[in-house]
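For the single chain, residues carry numbers from 1 onward in sequence order. Just so you know, these numbers come straight off a predicted model, no measurement behind them. Heavy atoms only: backbone and side chains are in, while hydrogens, waters and symmetry mates are out.
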Amino acid sequence: MSTSKFLRGTLIVTAGTFFVKFLGMIYVIPFYQLVGEQGGALYGYGYNQYLIFLSLATMGIPLAVSKFVAKYNALGQYETSHRMFKSAFVFMFLMGILATAVLYVLAPLFAPFILGGNDTGNTVEDVTNVIRYVSFALLLVPIMSVIRGFFQGHQSMGPTTVSQIVEQIARIVFLLGGAFLVIVILKGTIPQAVNLATLAAFIGSFFGFLVLIYYWIKRRDELNALLLASSPVANPPSLKEMYKELYIYAIPFVFVGIAMPLYQQVDIFTFNRTMVAMDLQETAEHQFSIFNMYAQKLVMIPVSLATAMGLTVVPTITTSYMSGDRKELKDQITKIFEIVFFLTLPAIGGLTIMAGEAYTTFYSYDRLGTELLAWSAPFALMFALFSVTIAILQGLDFQKHAMISLGIGLLVKLILTVPLIFIMQGKGAVLATALGFTISVFYNMFIIRKYVNYTFRRIARRFNQTFVFTGLMMIGVWLLKIGLTTFIDPTSGKLPALIVLVLCVCAGIFIYGFLTIGSGLAKHVLGSRFQFLNHK
């Protein structure tokens, strides 16, 4: 794959994923106004169980299909990759039905353990119902993921990107519409509104599935032509042999795909219980809703850029690795890191400086919310690097090391969470997560350096440039913020906070853009195809 095609696919998925994540951030503004902190905590209780069961149901197969298809397509064996796709589709359909049934039945067992004896907010019945409503999305999401993996294995990122956008839009429209109907029109309760909000995951997946079917029909002739051109195989692998290879790829994807939900599950099972032990149950759900739901939505925006990298990395890295082109492989790894630093560092820096204005604009003024957001934002870099480095390991067939990496990080999280909650409450839970991911990132980088003979000096110069430009941007934004807050009090309401936020964000974009374009950094990172970045 040429570097230009690789970059094009990367930027397409990056833009699409960022837009999806942006929508996922925007919807929480009206959602917060409708259901508040209690509803946000309840939504988090249910949705995280869905994410974990989704990972267990799919068992890493969708992304493994992407890797499998990329490998056999590179060998010209399109028939083999097509056989695996059809079999995986049927298997994921059955697993989706099973996962839905199991989560629905087990919901009453999870609910009391999640609340940990905290009876000051949501009830066991509320948590049980929200878990059951969200379980229905498991019927469709697994098979959607397989189709997306198949297209990505063919280096076709459009179907994944468009279907994710449509899925997100449909989910948000139903989520907000349902919550508005219950709270405003029918004068219902917060738990009833959150039930409909979690059911929106099924509605969104239905529309996303329709988009994927459209693309499949549209490209059917092209896919059939590839089958006809497939290289003859003397002894084609049996389904048993293919599944054995697939699961070698898939097992690490299970753990990696479940990484963030597992970290959050540790918080879900420990935070309320620890806060009750400290006699702080009155503030437990308030803090939990902030760092697990509302602040996290803002923090994960920069991380979504790295997640987009991961979607592209696996098949392209696999192709380069299988072809034996080590120079192209190292160039791709370098480009991935450069783009991640270029896009995430300024976003993280800006969010840290503007935490108070951002939280007030999107939700309402909350001193604790501001503190937790400002505290969480810098750690987003570790979350982003984890997504990218773990995807590189998977693309290189270092499955064992990917599992070891996650295991070490999760162990750190398990050991530190309760002690740090006792010391720092909500900040402690966030810090334990960040430390776990940091340990994993350093391990991943060590493995990449050791086995690929990759030197991180290749990206040192670009990182230093990006870091310096981000620092200069932060200083400029900070000075402007001081000047503006002399006349405008951003804590007094949404409008004042929005004015300060918009002016500072525009200033930050201008400063960072001026520095990176003027220095040639933007052109180097984003590619020569962006002619408007040419500078004299």
- Query: Can you tell if the side chain of V124 reaches within under 4.5 Å of the side chain of L115, non-hydrogen atoms only?
  - Reply: yes
- Under 3.5 Å, side chain of T370 to main-chain N/O of D366, donor-acceptor pair present? yes
- side-chain contact (heavy atoms from CB on, under 4.5 Å) between L103 and F110: does it pass, once the steps are laid out? CA-CA 9 Å; L103 183 57; F110 287 148; 4.0 Å; yes
- Task: To the nearest 0.5 angstrom, please state how far the CZ atom of F398 sits from the NZ atom of K450.
- Result: 10.0 Å
- Query: Going by heavy atoms in the side chains, are P191 and V130 under 4.5 Å from each other?
  - Reply: no
- Test item: Q49 side-chain N/O and I131 main-chain N/O as donor-acceptor pair under 3.5 Å: no
- Q33 side chain to Y363 backbone, donor-acceptor under 3.5 Å: yes
- Message: Whether the side chain of S205 engages the backbone of F202 through a donor-acceptor N/O pair (distance < 3.5 Å, no angle test) should be reported.
- Response: yes
- Take L368 and E371, measure what side-chain contact (heavy atoms from CB on, under 4.5 Å) needs, and give me the verdict at the end. CA-CA 5 Å; L368 183 60; E371 291 179 1; 4.2 Å; yes
- Answer yes or no: does atom CZ of F269 have more than 12 heavy-atom neighbours from other residues, nucleotides or ligands under 6.0 Å? yes
- Item | Where V299 and S376 come nearest, the two heavy atoms and their spacing | CG2-CB, 3.8 Å
- Query: Does atom CZ of F422 have more than 12 heavy-atom neighbours from other groups under 6.0 Å away?
  - Reply: yes
- Should we say atom CZ of F463 is surrounded by more than 12 heavy atoms from elsewhere, each under 6.0 Å from it? yes
- With rounding to the nearest 0.5 Å, note down the distance linking CG in N122 to CD1 in I114. 10.5 Å
- Close side-chain approach of Y32 and E37, heavy atoms under 4.5 Å: yes
- d(L372 CG, M424 CE) to nearest 0.5 Å is 9.5 Å
- Beyond-backbone contact of F379 with L431, side-chain heavy atoms, under 4.5 angstrom: yes
- Flag for Y47-Q264: side-chain donor and acceptor within less than 3.5 Å: no
- Item | Pairwise side-chain contact, F437 with L385, heavy-atom cut-off 4.5 Å (strictly under) | no
- Message: Whether the Y43 and S289 side chains hold a donor-acceptor pair (N or O, under 3.5 Å, no angle test) is what I'd like checked.
- Response: no
- State, without any angle test, whether T433 and K413 hold a side-chain donor-acceptor pair at a distance under 3.5 Å. yes
- Give the intermediate values and the outcome of side-chain contact (heavy atoms from CB on, under 4.5 Å) for residues N272 and E285. CA-CA 7 Å; N272 277 325; E285 287 199 333; 4.3 Å; yes
- Message: Using 30° and 60° as the class boundaries, would you call the ring planes of F31 and Y27 parallel, tilted or perpendicular?
- Response: tilted
- Looking at side-chain heavy atoms only, is the closest gap between I390 and N444 below 4.5 Å? yes
- Do F386 and I439 touch side chain to side chain, with heavy atoms closer than 4.5 Å? no
- Message: Return the CZ to CD1 distance between R273 and I421, rounded to the nearest 0.5 Å.
- Response: 11.5 Å
- Between NZ of K335 and CD1 of I459, what distance do you get to the nearest 0.5 Å? 12.0 Å
- Message: If I compare all heavy atoms of L484 with all of C504, which pair ends up nearest, and what's the gap?
- Response: CD1-SG, 4.0 Å
- Message: Taking side chain to side chain contact (heavy atoms under 4.5 Å, CB included) as the criterion, tell me which of V430, N48, T417 meets it with D267.
- Response: T417
- Task: Mind running side-chain contact (heavy atoms from CB on, under 4.5 Å) on L138 and L98 for me, showing each step along the way?
- Result: CA-CA 9 Å; L138 293 169; L98 178 62; over 6 Å; no
- Task: Looking only at non-hydrogen atoms, find the nearest pair between S440 and Y263 and report the distance.
- Result: OG-OH, 4.5 Å
- NE2 of H401 to OG1 of T389: how many Å apart, nearest 0.5 Å? 13.5 Å
- Item | Nearest atoms (heavy-atom pairs only) where L176 meets P30 | CD1-CG, 3.6 Å
- Message: Students often mix this up, so state it plainly: with edges at 30° and 60°, are the rings of F456 and F337 parallel, tilted or perpendicular?
- Response: perpendicular
- Query: What closest approach, in Å, do G46 and V134 show between heavy atoms, and which atom pair accounts for it?
  - Reply: O-CG1, 3.7 Å
- Heavy-atom pair of closest approach, residues F271 and A284: CE2-O, 3.3 Å
- Task: Identify which one of L298, L373, V28 satisfies the side chain to side chain contact (heavy atoms under 4.5 Å, CB included) criterion when paired with F362.
- Result: L298
- Query: Taking side chain as C-beta onward, heavy atoms only, is M473 less than 4.5 Å from T470?
  - Reply: yes
- Message: Between R171 and A200 (side chain of the first, backbone of the second, donor and acceptor by atom type, cut-off under 3.5 Å), is there such a pair?
- Response: no
